[in-house]
A.B. asks: 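Encoded as structure tokens, here's the structure I'll be asking about.
Keep in mind it's a predicted model, so treat the numbers as computed, not measured. Each ligand, and each atom within it, is numbered from 1 in the order the structure gives.
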Amino acid sequence: MSVAPSACDFAPVTGEAPAKPSLVGLTRAQLGDALRATGVPERDVRMRVSQLWHWIYFQGASDFDRMLNVSKHLRKDLDARFTLARPAMISQQVSSDGTRKWLFRLAPAPGDLLADKARGAEIECVYIPESDRGTLCVSSQVGCTLTCTFCHTGTQKLVRNLTSQEIVQQLVAARDQLGDYPGLTPPSDGLIPSGEGVRAVSNIVFMGMGEPLYNFDHVCDAIGILSDGDGLSLSKRRITVSTSGVVPEIPRLGEQAGTMLAISLHAVRDDLRETLVPLNKKYPIKELLQACRDYPGLSNARRITFEYVMLKGVNDSPADARELVRLLKGIPAKINLIPFNPWPGAKYECSDWDVIEQFSDIVFNAGYASPVRTPRGRDILAACGQLKSETEKLRARARLMED
Ligand code: SAH
Ligand code: SF4
């Protein structure tokens, strides 16, 4: 007997949504539900989930017909109900340094508030190749509710949280584009790590749009899929979640997700941090650093990264650097100095290079690795804090239409 997909899990959300939902990005439990909905007997569900898991995540299959160890009959049934679609790639920009910025359009979902109900929200995703690694910067929300004053994404109102499926789909879609699945050909620009056993995407950072700890459950489920050894198989030590300081969720992140942690610190005094990262009013520096000291699994081999954006004349004095070192005493830490990336309308400037160097020297001499993060992809507005998709324009249009 075949059972129709259950309304809550698999029915299209809005009128024009694709008739068939995608299986790509689902958890094992969700895949199990999809198989049950297709009529797979309970005794076979586990085995079938393992097969689909391998094809979807390890092989990157985008066609049920490739799944040769799945019976023809089941492949046909699955194809009748589901797809293996990824989010649509709306645009790709390639920077001269090989950085790629993709704009992906998601399937429509409740809460999108877009003018065109059939058109899903859009999110940006950035890929940064280096000689020994390839890092994918993923988004966890469309927009952000926090309003850090130096961040372009912060000027975009939250449209909604991404589902775990949508978070995982960013990696699958990126690997498609990078030819990082068996049978695909990598782009030939020579800037993407490739070769025997080399992965184009070896690291994931949750540093795209949104505050990941405000979308905890979906981020956590996504991390479970990204790190599953039978599929995408990324080590949790190569997955970093960056937070502006949502203190109550930090212990849970360590316990449940077990990833690396990055803290967007940016200031060493509460009064200044309150203006840069308004969330500091709720969770001041002292509480934030205590949560860091208590972070499960913290050790010299698993340090916390502290991000510090260099803002000219605002937070970049030698005294700031010395205070930073004092504050972090006793915490296994790396300090990542980020040159401020300007965006249209921003009220800050990037610190001068000699000032950044002086700051970095103080931190380095105190015993901390203090790499200055080379701005990547600036020519395509893909650097940190520059992400802001077209969704907001659509949202504004929707408001106009509703008025
Ligand atoms: N919301 C999370 C993760 C996304 S922001 C967080 O705030 O940590 C990713 C990183 O980019 C953060 O450290 C953020 O402070 C930094 N960032 C934001 N805007 C920036 C800009 N214009 N220039 C440089 N870094 C920026
Ligand atoms: Fe949101 Fe992070 Fe930008 Fe702050 S820095 S507005 S938390 S995305």
Side-chain angles (χ1 to χ4, degrees), residues 99 101 123-126 128 135-162 167 170 203-216 219 222 239-247 249-250 253 259-267 272-283 288 291-292 304-312 314-316 333-351 356 371-378 381-389 391-392:
T99 298
K101 180 169 86 169
I123 48 161
E124 281 154 338
C125 186
V126 176
I128 306 154
T135 303
L136 189 71
C137 176
V138 296
S139 295
S140 55
Q141 299 182 308
V142 183
C144 188
T145 47
L146 300 171
T147 49
C148 303
T149 44
F150 54 88
C151 174
H152 198 201
T153 309
T155 66
Q156 179 186 2
K157 288 204 180 64
L158 175 74
V159 178
R160 65 177 173 84
N161 281 337
L162 296 185
I167 295 170
Q170 294 172 61
N203 294 55
I204 299 269
V205 292
F206 282 81
M207 293 187 188
M209 296 160 68
E211 169 48 58
L213 297 192
Y214 274 173
N215 186 14
F216 189 92
V219 165
I239 301 177
T240 302
V241 174
S242 174
T243 177
S244 55
V246 185
V247 168
E249 303 291 3
I250 290 177
L253 181 75
T259 59
M260 306 300 278
L261 174 67
I263 301 287
S264 294
L265 191 61
H266 308 316
L272 177 59
R273 193 163 189 273
E274 280 173 17
T275 65
L276 299 177
V277 183
L279 187 66
N280 195 76
K281 291 184 199 138
K282 213 164 172 189
Y283 308 117
L288 176 58
C292 290
I304 294 175
T305 301
F306 288 88
E307 295 157 280
Y308 196 96
V309 63
M310 299 300 295
L311 303 171
K312 187 176 195 161
V314 175
N315 64 354
D316 59 356
K334 283 183 274 188
I335 297 167
N336 209 334
L337 303 179
I338 315 173
F340 171 65
N341 284 311
W343 39 273
K347 55 182 178 186
Y348 300 102
E349 282 176 71
C350 183
S351 308
I356 298 181
V372 178
R373 194 191 286 169
T374 332
R376 300 295 301 265
R378 263 191 182 175
L381 272 184
C384 297
Q386 291 181 310
L387 300 182
K388 181 180 174 193
S389 71
T391 304
E392 179 165 2

A.B. asks: For Tyr308 and Asp316, indicate whether the former's side chain and the latter's backbone hold a donor-acceptor pair under 3.5 Å.
C.D. replies: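 Not a single qualifying donor-acceptor pair exists.
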A.B. asks: Just which atoms of ligand 2 are under 4.0 Å from any heavy atom in Leu146?
C.D. replies: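 That gives atoms 6 (S), 7 (S) of ligand 2.
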A.B. asks: Measure Val309 to ligand 1 on non-hydrogen atoms and call it side chain, backbone, both or neither using the 4.0 Å cut-off.
C.D. replies: side chain
A.B. asks: May I ask you to list the atoms of ligand 1 that are less than 4.0 angstrom from any heavy atom of Gly208?
C.D. replies: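 Under 4.0 Å from Gly208, ligand 1 has these atoms: 4 (C).
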A.B. asks: Please report whether ligand 1 has a polar contact with Ile338, defined as an N or O pair separated by less than 3.5 Å (distance criterion only).
C.D. replies: no
A.B. asks: Using a strict 4.0 Å cut-off to heavy atoms of Thr243, name the atoms of ligand 1 that fall inside it.
C.D. replies: 6 (C), 8 (O)
A.B. asks: Out of Met209, Gln141, Met207, His152, who gets a non-hydrogen atom closest to atom 5 (S) of ligand 1?
C.D. replies: Met207
A.B. asks: Which residues pass the side chain to side chain donor-acceptor pair (under 3.5 Å) test with Asn280, sequence neighbours left out?
C.D. replies: Asp270, Arg273
A.B. asks: So, does Asn336 use its side chain to make a donor-acceptor pair with the main chain of Phe306 at under 3.5 Å?
C.D. replies: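 Between the backbone of Phe306 and the side chain of Asn336 there is no qualifying donor-acceptor contact (under 3.5 Å).
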A.B. asks: Between Gln170 (side chain only) and Ser139 (backbone N and O only), is there a donor and an acceptor less than 3.5 Å apart?
C.D. replies: yes
A.B. asks: Using modelled atom types and a 3.5 Å cut-off, is there a donor and acceptor pairing between side-chain atoms of His266 and backbone atoms of Val309?
C.D. replies: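 The answer is yes, because a donor-acceptor pair under 3.5 Å joins these two groups.
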A.B. asks: Relative to the heavy atoms of Cys144, which atoms of ligand 2 are at a distance of less than 4.0 Å?
C.D. replies: 1 (Fe), 6 (S), 7 (S), 8 (S)
A.B. asks: Is it true that a side-chain atom of Thr149 and a backbone atom of Thr275 form a donor plus acceptor pair closer than 3.5 Å?
C.D. replies: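 Side chain of Thr149 to backbone of Thr275: a pair is present.
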A.B. asks: Roughly how far, to the nearest 0.5 Å, is the CD1 atom of Ile356 from the CZ atom of Phe340?
C.D. replies: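 Between atom CZ of Phe340 and atom CD1 of Ile356 there are 12.0 Å.
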A.B. asks: Under a 4.0 angstrom heavy-atom cut-off, which atoms of ligand 1 come close to Phe150?
C.D. replies: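 Once the distances to Phe150 are compared, the set is 15 (O), 17 (N), 18 (C), 19 (N), 20 (C), 21 (C), 22 (N).
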A.B. asks: Test your reading of the model: is there a side-chain donor-acceptor pair from Thr135 to the backbone of Ile204, 3.5 Å cut-off?
C.D. replies: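 No; zero donor-acceptor contacts below 3.5 Å.
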A.B. asks: What residues form a side chain to side chain donor-acceptor pair (under 3.5 Å) with Ser244, not counting sequence neighbours?
C.D. replies: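 Counting only residues at least two positions away or on another chain, Ser244 forms a side chain to side chain donor-acceptor pair (under 3.5 Å) with Glu211.
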A.B. asks: Give the atoms of ligand 2, by number and element, whose distance to some non-hydrogen atom of Ser244 is under 4.0 Å.
C.D. replies: 7 (S)
A.B. asks: Given Gly245, Cys144, Ser264, which one has a non-hydrogen atom that is nearest to atom 6 (C) of ligand 1?
C.D. replies: Ser264
A.B. asks: Can you list the ligand 1 atoms lying under 4.0 Å from a non-hydrogen atom of Trp343?
C.D. replies: 22 (N)
A.B. asks: Heavy-atom contacts with Glu211 under 4.0 Å: which atoms of ligand 1 show up? List them by number with element.
C.D. replies: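 By the 4.0 Å cutoff, the relevant atoms are 1 (N), 2 (C).
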A.B. asks: Of all the atoms in ligand 1, which lie at a distance below 4.0 Å from a heavy atom belonging to His266?
C.D. replies: 13 (O), 14 (C), 15 (O)
A.B. asks: Any idea which atoms of ligand 1 are less than 4.0 Å away from a heavy-atom of Gly210?
C.D. replies: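 Result: 1 (N), 2 (C), 3 (C), 4 (C).
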A.B. asks: For Thr243 and Glu249: C-alpha separation, side-chain torsions, deciding distance, then whether side chain to side chain donor-acceptor pair (under 3.5 Å) applies.
C.D. replies: CA-CA 10 Å; Thr243 177; Glu249 303 291 3; over 6 Å; no
A.B. asks: Are any N, O or S atoms from Cys148 nearer to atom 1 (Fe) of ligand 2 than 2.8 Å?
C.D. replies: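 Here the distance criterion (N, O or S atom, under 2.8 Å) is not met by Cys148, so no.
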A.B. asks: What atoms of ligand 1 come closer than 4.0 angstrom to any heavy atom of Cys151?
C.D. replies: 18 (C), 19 (N)
